[in-house]
Amino acid sequence: MPELPEVETVRRGLAPVMEGAVITRVEQRRADLRAPFPAGFAKRLTGRRIVGLGRRAKYLTAALDDGTVLVMHLGMSGSFRIETDGTGEMVGNPYHKRSKLRAHDHVVFHLSSGARVIFNDPRRFGVMDLVPASELPASRHFRAVGIEPLGNELDGAKLASLFAGRRAPLKSALMDQRLIAGLGNIYVCEALWRARLSPDRPAGSLATKRGGPTVGAKRLAEAIREVLEAAIAAGGSSLRDHIRTNGELGDFQHAFAVYDREGEPCLRNDRGIIRRKVHAGRSTFYCPVCQR
DNA sequence: AAGCGAACCTGGCTGC
DNA sequence: TGCAGCCAGGTTCGCT
């Protein structure tokens, strides 16, 4: 399910019930997701207070009061839901009423507020790991992760320097988490359309001979920022799996210009018909007329 | 080194 | 209705 906007939406949904709460009990309902849970997972979390809930790339990070960080990833199909029995101090609205666990509910965090936070992941591509905070940057999850697209680093010049000399298609370079972290298939397609750039153009073509940014590089940096911010404001995109922690859907799928619109007209010109092609095994949607 | 395809899993949809 | 085949928002491994 999740690219940066969906993960950020989930973070914002979970933060009010998780930050400051103590984990009173953890139900780990199977031995592994894609990888085994870390040894003593439930035990090491029990009794810990969650100091803060953050996001890096497509990962959620819950900092605990003993200096450990709970690292979580939603994979393709992961989601969290918050349930409450209505007692205790609850922030926000229509949380799920407490009910029976469902298929693919793999982890249940019971919190001191009375809420429980449930991780569900049918395909089990998600990640749950425990890492000492001091080792987080060098951990296998983050050591090779690139810049945050919503931070101050991303601009045309940075894009040009990241892409200089690369012959891979722009589509693939933008999908590469080692360069820019957090973009996935949907938002890469949408950002390229907004920047009027072809997904097939070599990534290195966004750098001038001297390595500076082309006009296209500047447009692309701006487009990435804009599309991510708009998607977060809409609560992310709900296609199959993404739901917010209160059970509501995101809205940004209604704002797609190209993603999953093969055969439909381009929103920017009459002659363009959205095409689909495959880059490195992933569908790319684009307008062959206005994206060059 | 960089780039690509396959693998990891389940579920939903399409077409026969 | 049933079933095979294809596709899905991510990451990682292994081969060129």
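Protein chains get the first letters and strands the later ones, always in sequence-line order, with residue 1 at the start of each.
- One finds a salt bridge joining A:Asp200 and A:Lys277 here, because a Lys/Arg side-chain nitrogen approaches an Asp/Glu carboxylate oxygen to under 4.0 Å.
- Atom NE2 in A:His73 sits about 8 Å away from atom P in C:dG10, given to the nearest Å.
- Using a cutoff of 4.0 Å between basic side-chain nitrogens and carboxylate oxygens, A:Arg219 and A:Glu222 are not scored as salt-bridged.
- A:Met72 places its CE atom 15 Å from the P atom of C:dT11, with the value rounded to the nearest Å.
- A side-chain donor-acceptor contact under 3.5 Å links A:Asp129 and A:His141.
- A:Leu60 places its CG atom 12 Å from the P atom of C:dT11, with the value rounded to the nearest Å.
- A side-chain N or O of A:His279 and one of A:Thr284 form a donor-acceptor pair less than 3.5 Å apart.
- Side-chain N/O atoms of A:Ser198 and A:Arg292 include no donor and acceptor closer than 3.5 Å.
- Taking atom C1' on both C:dT12 and B:dG11, the two are 23 Å apart, rounded to the nearest angstrom.
- Residue-level contact check: A:Pro169 touches the backbone only, with heavy atoms under 4.0 Å from sugar-phosphate atoms and none from bases.
- With values rounded to the nearest 0.5 angstrom, A:Asp32 atom CG is found 6.5 Å from A:Arg124 atom CZ.
- You'll find the side chain of A:Arg275 reaches within 4.5 Å of the side chain of A:Tyr286, heavy atoms only.
- Residue A:Ser283 places at least one side-chain N or O under 4.0 Å from the OP1 or OP2 atom of C:dA8.
- If you check every strand for non-hydrogen atoms under 4.0 Å, A:His104 touches sugar and phosphate atoms only.
- Using atom P as the reference point in both B:dA1 and C:dT11, the two lie 23 Å apart (nearest Å).
- A:Arg167 CZ: 12 or fewer foreign heavy atoms inside a 6.0 Å radius.
- Within 4.0 Å of A:Tyr259, counting heavy atoms only, lie sugar-phosphate atoms of the nucleic acid but no base atom.
- Stretches of at least 3 consecutive Watson-Crick or G-U wobble pairs, with each checked distance under 3.5 Å, appear in DNA chain C as B:2-8 with C:10-16, B:10-16 with C:2-8.
- No hydrogens or angles considered: a donor-acceptor pair under 3.5 Å links the side chains of A:Glu6 and A:Tyr187.
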Could you go through nucleotides 12-16 of chain C and list every protein N or O atom that sits under 3.5 Å from one of its N or O atoms, giving the distance for each pair?
none

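- Across every non-hydrogen atom of A:Arg29 and A:Leu101, the tightest pair is NE-CD1, 3.5 Å.
- With rounding to whole Å, A:Gln253 atom CD is found 17 Å from C:dA8 atom P.
- Taking atom CZ on A:Arg276 and atom C1' on C:dA8, their separation rounds to 11 Å, with Å as the unit.
- Defined by atom type and a distance below 3.5 Å, a donor-acceptor pair is present between the side-chain atoms of A:Asn185 and A:Lys171.
- Summarising the geometry, the separation between CG on A:Asp260 and P on C:dC6 is reported as 19 Å, rounded to the nearest angstrom.
- Contact annotation for A:Arg282: base contact, defined as any heavy-atom pair under 4.0 Å involving a base atom.
- No side-chain heavy atom of A:Leu150 sits under 4.5 Å from any side-chain heavy atom of A:Ile224.
- Close approach of DNA chain B to chain A, defined as any atom under 4.0 Å from a non-hydrogen atom of the protein, starts and stops at B:dG3 to B:dG11.
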